[in-house]
Amino acid sequence: MAALRDAGIHDERVLAVMERTPRDIFVPATFGEHCWDNVALPIGHAQTISQPFVVAAMTQALELNERHKVLEIGTGSGYQTAILARLCRRVFTIERHQSLLRDAEKRFAYLRLGNVTSRYGDGTRGWAEPAPYDRIIVTAAAASLPQALLQLLAPDGILVAPVGGERRDQVLMRVRQSGGRSACEELGTVRFVPLVPGLPRHNPIQRDLPL
Ligand code: SAH
């Protein structure tokens, strides 16, 4: 955690939760010993688990508390979800690869995260029933801020999302709503897999994960 602190993560609750959440169970067994390296690692279906610094920075940017209801788009390995779940009241998370979602759900059960509700689907369409959300986090990059998601945000809500194309540099954006207005901030450059609308046609089950 010293490395995250040195890199500018100052939210003690985020640091404490990252310290007590095992990261090795979220990566394929072959990468276990590298799970804390500050790189994105493959999790199957050409997707990646975000590097620890990016997870910490995005979580910190959300300014979470235990009353918040959070929507996450892009469950992936479920690592970011697990960190969120330990800092808020409830997380709703959507993933478009069924087998990634199934593996993530096993990890939520293993960690006894009873406040995660997950769903297979296209996150670009949002998840309207539980809305509004106090916080929304998108862990895949869209060409522009996803307007459909902004509409699900509570009046004093915060949305954090990487924005930009696949090859160009992406920027981590934070949108903060207050008093009927929204303010946008750029938090730095990032590199995420693309947010892909729709569902995959082929969805083979891959079995190379430790749980
Ligand atoms: N937060 C994840 C990292 C996920 S990588 C972690 O900690 O492991 C981004 C994920 O977004 C991928 O799993 C990808 O399949 C998913 N994704 C991309 N487009 C999506 C969409 N439209 N709806 C839901 N999930 C999507």
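Just so you know, ligand 1 is whichever comes first in the structure, and atom 1 is the first atom listed for that ligand. Values in this document were obtained by computation on a predicted structure and should not be read as measured data.
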| query | Between Q80 and T139, does any side-chain donor sit less than 3.5 Å from a side-chain acceptor? | reply |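 There is no such pair (donor and acceptor under 3.5 Å, judged by atom type) between the side chains of Q80 and T139.
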Distance-only check: which donor-acceptor pairs under 3.5 Å involve side-chain atoms of residues 84-94, not counting sequence neighbours?
from : atom 1 : to   : atom 2 : distance (Å)
R86  : NH1    : T21  : OG1    : 2.8
R89  : NE     : R67  : O      : 3.2
R90  : NH1    : T117 : OG1    : 2.8
T93  : OG1    : E72  : OE1    : 2.7
T93  : OG1    : T75  : OG1    : 2.8

Less than 3.5 Å apart, which donor and acceptor atoms pair up between the side chains of residues 177-184 and the rest of the protein, not counting sequence neighbours?
from : atom 1 : to   : atom 2 : distance (Å)
Q177 : NE2    : A154 : O      : 3.4

CG/L101 to CD/E95 distance, rounded to the nearest 0.5 angstrom?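 Interatomic distance, L101 CG to E95 CD, rounded to 0.5 Å: 6.5 Å.
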Less than 3.5 Å apart, N/O on ligand 1 and N/O on the protein: could you list those pairs with the distances?
from     : atom 1 : to   : atom 2 : distance (Å)
ligand 1 : 1 (N)  : G74  : O      : 3.4
ligand 1 : 1 (N)  : T139 : OG1    : 3.2
ligand 1 : 7 (O)  : Q80  : N      : 3.2
ligand 1 : 8 (O)  : S77  : N      : 3.0
ligand 1 : 8 (O)  : S77  : OG     : 2.6
ligand 1 : 13 (O) : E95  : OE1    : 2.8
ligand 1 : 13 (O) : E95  : OE2    : 3.3
ligand 1 : 15 (O) : E95  : OE2    : 2.6
ligand 1 : 19 (N) : V196 : N      : 2.9
ligand 1 : 22 (N) : D122 : OD1    : 2.9
ligand 1 : 22 (N) : V196 : O      : 2.7
ligand 1 : 23 (N) : G123 : N      : 2.7
ligand 1 : 25 (N) : R96  : N      : 3.4

Report the residues that fulfil side-chain contact (heavy atoms from CB on, under 4.5 Å) with A131, sequence neighbours left out, ordered by chain and then residue number.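 So A131 forms a side-chain contact (heavy atoms from CB on, under 4.5 Å) with Y133, L152.
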message: If you count heavy atoms of other groups shown closer than 6.0 angstrom to CD of E186, is the number above 12?
response: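 Atom CD in E186 is not packed in, count stays at 12 or less.
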